[in-house]
Amino acid sequence: SPPRVSPGKAPRSDVAVTVSMKFDEDYDWLTADEHRKTSWSEWLRGIVCNSVKVSPKRLHVADLQRGSVCLLLRCLPLSETPTLGGSDDRSAMELALQVLAFASDKEAN
């Protein structure tokens, strides 16, 4: 018999997705100070969370990489954030696509 998806549970195909956002910042300046790096990353994550209307619990800062600066945001699947309840039923992939759309909109401006 086909596997059943119980109500409120995301299908197993919902896995964390990491989105890369490029910024024209000085990588060495930004990462020279741990506090500066963290506060900048968290500030940006807050802006993204607001714009795609998602709980910060579902969007984690995964890493900062060179390439000017690439902020990697990890979109968590619903299965890893069950405490949020039914208010947000987007899969990690849907969320990632919205973050990407927001990022490309910002890059275009």
Side-chain angles (χ1 to χ4, degrees):
S1 64
R4 280 194 149 127
V5 177
S6 57
K9 287 270 185 252
R12 283 193 187 281
S13 61
D14 189 16
V15 293
V17 179
T18 302
V19 178
S20 169
M21 298 174 71
K22 282 190 190 299
F23 295 91
D24 192 18
E25 298 283 340
D26 182 336
Y27 182 85
D28 292 322
W29 178 84
L30 203 57
T31 55
D33 177 326
E34 196 61 35
H35 176 72
R36 181 191 300 151
K37 176 177 145 183
T38 304
S39 59
W40 184 84
S41 302
E42 291 299 322
W43 171 71
L44 230 46
R45 181 180 72 136
I47 292 174
V48 174
C49 287
N50 280 343
S51 64
V52 300
K53 311 268 187 292
V54 70
S55 161
K57 288 183 178 149
R58 288 200 63 196
L59 216 53
H60 290 195
V61 174
D63 199 10
L64 272 184
Q65 293 179 345
R66 283 188 181 281
S68 295
V69 173
C70 274
L71 176 69
L72 300 188
L73 287 177
R74 194 169 149 78
C75 304
L76 296 184
L78 291 169
S79 56
E80 288 185 40
T81 50
T83 50
L84 295 177
S87 58
D88 182 4
D89 58 359
R90 288 172 290 186
S91 70
M93 183 54 86
E94 286 172 316
L95 192 54
L97 290 172
Q98 289 179 328
V99 171
L100 275 173
F102 166 76
S104 58
D105 185 48
K106 279 280 166 285
E107 284 173 10
N109 293 341

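Remember, predicted model here, so these are calculated numbers, not experimental data.
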Visitor: What distance do Phe102 atom CZ and Asn50 atom CG have between them, rounded to the nearest 0.5 Å?
Guide: 9.0 Å
Visitor: Which value, rounded to the nearest 0.5 Å, describes the distance between Glu34 atom CD and Ser39 atom OG?
Guide: 10.0 Å
Visitor: Verify the cluster assignment for Trp43 and Leu72: are they in a single hydrophobic cluster under the rule of side-chain heavy atoms below 4.5 Å apart?
Guide: no
Visitor: Starting at CG of Leu95, measure out to CG of Leu100 and round the result to the nearest 0.5 Å.
Guide: 10.0 Å
Visitor: Starting at CG of Asp63, measure out to CZ of Arg74 and round the result to the nearest 0.5 Å.
Guide: 12.0 Å
Visitor: Within this structure, what is the CD-OG distance for the pair Gln65 and Ser20, rounded to the nearest 0.5 Å?
Guide: 6.5 Å
Visitor: When rounded to the nearest 0.5 angstrom, what distance separates CG in Leu73 from OG1 in Thr18?
Guide: 9.0 Å
Visitor: Decide whether Trp40 and Val48 are clustered together by the hydrophobic rule: side chain heavy atoms of Ile, Leu, Val, Met, Phe, Trp, Tyr closer than 4.5 Å, transitively.
Guide: yes
Visitor: Following the transitive rule for hydrophobic clusters with a side-chain heavy-atom cut-off under 4.5 Å over Ile, Leu, Val, Met, Phe, Trp and Tyr, establish whether Ile47 and Leu30 coincide in one cluster.
Guide: yes
Visitor: Counting N and O atoms only, with roles assigned by atom type, does the side chain of Asp14 sit under 3.5 Å from a partner on the main chain of Ser79, one being a donor and the other an acceptor?
Guide: no
Visitor: Knowing that exactly one of Lys57, Lys53, Arg58 qualifies, which makes a salt bridge (Lys or Arg N to Asp or Glu O under 4.0 Å) with Asp88?
Guide: Arg58
Visitor: Compare every heavy atom of Val61 with every heavy atom of Glu42, then report the nearest pair and how far apart it is.
Guide: OE2-CG2, 4.0 Å
Visitor: Pro56 and Cys49: which non-hydrogen atoms are nearest, and at how many Å?
Guide: CA-SG, 3.7 Å
Visitor: So do the side chains of Met21 and Leu44 get within less than 4.5 Å of each other, counting heavy atoms only?
Guide: no
Visitor: Is there a chain of hydrophobic side chains (I, L, V, M, F, W, Y, each step under 4.5 Å between heavy atoms) that links Leu64 to Leu59?
Guide: yes
Visitor: Would you please test Gln98 and Val54 for side chain to side chain contact (heavy atoms under 4.5 Å, CB included) and show each step?
Guide: CA-CA 10 Å; Gln98 289 179 328; Val54 70; over 6 Å; no
Visitor: Are the side chain of Arg66 and the backbone of Tyr27 linked by a donor-acceptor contact shorter than 3.5 Å?
Guide: no
Visitor: Could you tell me whether the side chain of Asp24 and the main chain of Ser68 form a donor-acceptor pair under 3.5 Å?
Guide: no
